[in-house]
*Asks:* 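Let me begin by handing over the structure; questions about it come next.
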Amino acid sequence: MVSLLTRGFQIRPLFLHSSPSFTKRYGILHCTTKSSESQMVTQEKPRPHTKVLTQNRNEPLDKLWKNYEPIIGIETHVQLSTMTKAFCGCPYNYGSQPNTNICPVCMGLPGSLPVLNSKVIEFAVKLGLALNCKISLNSKFDRKQYFYPDLPKGYQISQFDIPIATGGHVDLDLPVEVGGGHRRFGITRVHMEEDAGKLLHSDNGTHSRVDLNRAGVPLLEIVSEPDMRSGIEAAEYGAELQRLVRYLGVSNGNMQEGSLRCDVNVSVRPVGQSNFGTKVEIKNLNSFSAINRAIDYELSRQVHLHSQGQADSIVQETRLWEEGTQKTVTMRKKEGLSDYRYFPEPDLPEVVLTEDYIDNVRDSLPELPEMKRRRYEKMGLSMQDVLFLANDVTVAEFFDASLAKGADVKLAANWIMGDIAAYMKNEKVLITEIKLTPDELAELIASIKSGTISGKIGKEILFELIAKGGKVKELIKDKNLIQIVDSAEIEQMIDKVLSENPKQVEQYRRGKTKLQGFFAGQVMKESKGKANPGVLNKILEQKLNAKD
Amino acid sequence: MISTVQHQRVLLLQRHPCFLFHPNPLSHLFPKSLHTSETLTQPPHERPPSSPSSTIVSSSSLPTSQILSIRHSLISRQLSAVEIAESYLTRIRLTNPRIRSFLHVSEESVLKEAEETDRKIQRNEELGPLAGVLIGVKDNICTVDMPSTAGSRILEGYRPPFDATAVRRARKCGGIVVGKTNLDEFGMGSTTEGSAFQVTANPWDESRVPGGSSGGSAAAVSARQCVVSLGTDTGGSVRQPASFCGVVGLKPTHGRVSRYGLVAYASSLDVIGCFGSSVADAGILLHAISGHDRLDATSSKQEVSDFTSQFTSTNFFESKPLKGLKVGVIRETLEDGVDRTVVSSIRAAVSHLEELGCSVAEVSLPSFSLGLPAYYILASSESSSNLSRYDGIRYGNRVAADELGFLYGDSRATDLAMRSK
């Protein structure tokens, strides 16, 4: 589950011509605009308890928001987890000693030539198909030229005018906590390129060092349509991309490692205006919550300037998000588009794909998050459950495996979201690391359902199964945990308890009916938790009332 | 490089189109002992050609091939590889001060490799087709044990950590790289005067240029400083100096020879080519270095046929060895604006081809005039891109500076010649 550190539910109320569901205050997710850029279906879930607003906005500003429409687009770079780099045979291991994974090709030594790693194409087609894009049967590489010490050849091999995939979309569900809702965001293009090296700056600023380990690592750049309308939507989009690349196995999508990097472009325009406002790029976003907060801050900043009549002071520039001060600050002014002097890469032949190849890749795609979510929904799970289970591919796999062994859907979901998730959180382990297997979970659920063991016992042995593993059937046998359902046996125990506690019986007679729970507890203890609660309470009640 | 400046061509005698005649321009410089190599160029015995050249021990059917002569001498134990190498090294020592075709000569490694070749002969081991052959390599082709400067100060002292594929293959065939030859900086030029280090003289007339950009390689073969040499051709840089120096220069089709290890000038146009004192030698060298290379994505996967076995002796003109081959002559290359002597050379070549059995027809190539503008656009943009990497940061000379922009600017200003900049 994406843990969004939302400081509150942000409203972006947008004006429709007449919007009966529009209220100024809390609880409404923003409605669709008249722009047809995105097809969105809003679910309005009034949430009167949700906190709203953050420290960087105040009441008067709140009134301004309704006049402006945020336009947000995101450029994402995904580092592919191929065995070797894009154009040479070097491996890439995050965290290696500097300049240990290099060769003449990725160093750009004179005379070296790039040779394409075919896995890059496969991963690009996979991602393109998962994003519902059209795959170009003929694409090519281009050189993007600029000077920088971390760019060994003085140019980056990329794709300019004919990218490998264009015109797709991604569907996602917003988290229940922020109001839920289904969204579709457009994808303009996906293209292949190579990463640059890293610069390590000395502390005193006298010099910088170049580490070329990362130079030549394959990247996929995903450019979205400017369809997002809030920080949350943008953050969820980023999270969905992360989910997708992990589902597909093309990348580990770790923002901390730099295998998933997002730059956002933010602008606002007065509602009703068709021209876009001036676009500002924000970099240095290291987490999804940072994306959320940075966008909200920037939108505030821009709306504020607009409202003061200073819309002109919004210039097209690149700003950095500062975690410390929670602000965006100017990094450098973007003087129009840089001249990258693109031309076709003469050292690499054209990329020609056949329909067969694309079909093969399509057939190899796993069930994607969106499909999983819809499938879980159909099974009758609530949206909250659906999102929890489908968001992490390993959790979904565990869940699906349990169902395959016959586990009841709701019960399996509850166990996973409840006790198992709690254990994982406490012990800081992943679902792939716990000793409980999906088979055994199914077995456990079946045992409880059939009455073999009680729910309480089930919970107890669950803990052992998670921590130490083992088989449910064996544990039940070894520890003699089978539920006692025999009335005679239970009656015996009840009699014993009642006779051992005459005082409480007396109190019960006199009206303290709550003591039934006490007796039940004692019988449970006597039975070592194995007594069937239903039978127990039925007989106990009989006994207690009969003596009257 | 297509020359934009007209140089007085050295018209070498009336060069008989066949290659029996070996003018030896520097004979007056050679002490007696070096005449052994002259004996290698004696006219043949009258014998029919036998099987493919690689199995010929007696080279008599291809008398004009130095490579085969050397092979014959080695196998018949008439000469040792060390003796051959020493004679060439001596000639280099004597002639290089005046011709300056070599930027770097590796005497030690040459003798070591020659000794190794001799050991192989002792053990009766299989010899590669280039055994004992001394090869000059143009300095923009990477060699792991010798500097590769591409004729520029920005790479002065740079030693690549790998051999170019062409060099590797030549070495694998037994070839001995004797040294690196001079060139116009990065291959840009047509006189070799564009080298940052020295100017090479034409062995035929030291006051004249050897052509370019592979002037050093051409002059080296012409002056018999080495048997064959590797050059590079982007816009004529093997063919033109070959003509200027009176040697055979062969430019293969782009993709025939791997470009891995060739310091890039214009990637779509660059090729590695061969110089030799005879067509056979140039051909044998080409065969040794040709073929698909997985390190060069633009190298052709087409099979390399054993064309060296197709070489026929000149004695067999009567048999019309090229019968059935159709050759076209481009009309636009013979029209107005082309120098009269050039036209007559072409026509002489045409009649020679007809003598050999070809049917020659004139064809029109209306797009011919677009060739030069296309060349200039491609060559300029690709070379400017390919030279972006010379910033002094990872290798080569660097001029220290406080600001990045100045570091780039100063290093490149100081060490790149005008043309490159």
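Naming convention: chains lettered A, B, ... in sequence-line order (proteins, then strands); numbering from 1 in each chain.
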*Asks:* Given a strict heavy-atom distance threshold of 4.5 Å, which part of D391(B) is in contact with chain A: side chain, backbone, both, or neither?
*Replies:* neither

*Asks:* Measuring heavy-atom distances to chain A, does N140(B) have an atom under 4.5 Å in its side chain, in its backbone, in both, or in neither?
*Replies:* neither

*Asks:* Should D142(A) and K140(A) count as an ion pair when the cut-off is N to O under 4.0 Å?
*Replies:* yes

*Asks:* For S96(A) and N213(A), does a side-chain donor sit closer than 3.5 Å to a side-chain acceptor?
*Replies:* no

*Asks:* Please work out which of the three classes, parallel, tilted or perpendicular, describes the rings of F160(A) and Y342(A), given edges at 30° and 60°.
*Replies:* parallel

*Asks:* Check each atom of F147(A) against the heavy atoms of chain B and say whether the ones under 4.5 Å are side chain, backbone, both or neither.
*Replies:* both

*Asks:* Let me see the working for L220(A) and K126(A) under side chain to side chain contact (heavy atoms under 4.5 Å, CB included), right down to the final yes or no.
*Replies:* CA-CA 11 Å; L220(A) 287 180; K126(A) 263 194 174 153; over 6 Å; no

*Asks:* With a 4.5 Å cut-off on heavy-atom pairs, point out which of G89(A), P149(A), G154(A), P349(A) contacts chain B the most.
*Replies:* P149(A)

*Asks:* Quick one: what part of I393(B) sits under 4.5 Å from any heavy atom of chain A, side chain, backbone, both or neither?
*Replies:* side chain

*Asks:* What orientation do Y390(B) and F186(B) show, parallel under 30°, tilted 30 to 60°, or perpendicular over 60°?
*Replies:* tilted

*Asks:* Under a 4.5 Å cutoff for heavy-atom pairs, which residue among C103(A), P152(A), P104(A) has the most contacts with chain B?
*Replies:* P152(A)

*Asks:* With a 4.5 Å cut-off on side-chain heavy atoms, are M146(B) and V137(B) touching?
*Replies:* no

*Asks:* Using heavy-atom distances under 4.5 Å, tell me whether Y395(B) contacts chain A through its side chain, its backbone, both, or neither.
*Replies:* side chain

*Asks:* Testing the 3.5 Å rule here: is there a donor-acceptor pair between the side chains of T232(B) and D270(B)?
*Replies:* no

*Asks:* Measuring heavy-atom distances to chain A, does R294(B) have an atom under 4.5 Å in its side chain, in its backbone, in both, or in neither?
*Replies:* backbone

*Asks:* So which of D347(A), L151(A), V115(A) has the biggest tally of heavy-atom pairs under 4.5 Å with chain B?
*Replies:* D347(A)

*Asks:* For Y148(A), which atoms come within 4.5 Å of any heavy atom of chain B: side chain, backbone, both, or neither?
*Replies:* both

*Asks:* Counting only non-hydrogen atoms closer than 4.5 Å, does I141(B) touch chain A with its backbone (N, CA, C, O), its side chain (CB onward), both, or neither?
*Replies:* neither

*Asks:* Tell me, for L116(A) versus chain B, whether the close heavy atoms (under 4.5 Å) come from the side chain, the backbone, both or neither.
*Replies:* neither

*Asks:* Assess whether a salt bridge exists between K198(A) and D211(A), defined as any Lys/Arg side-chain N lying under 4.0 Å from an Asp/Glu carboxylate O.
*Replies:* no

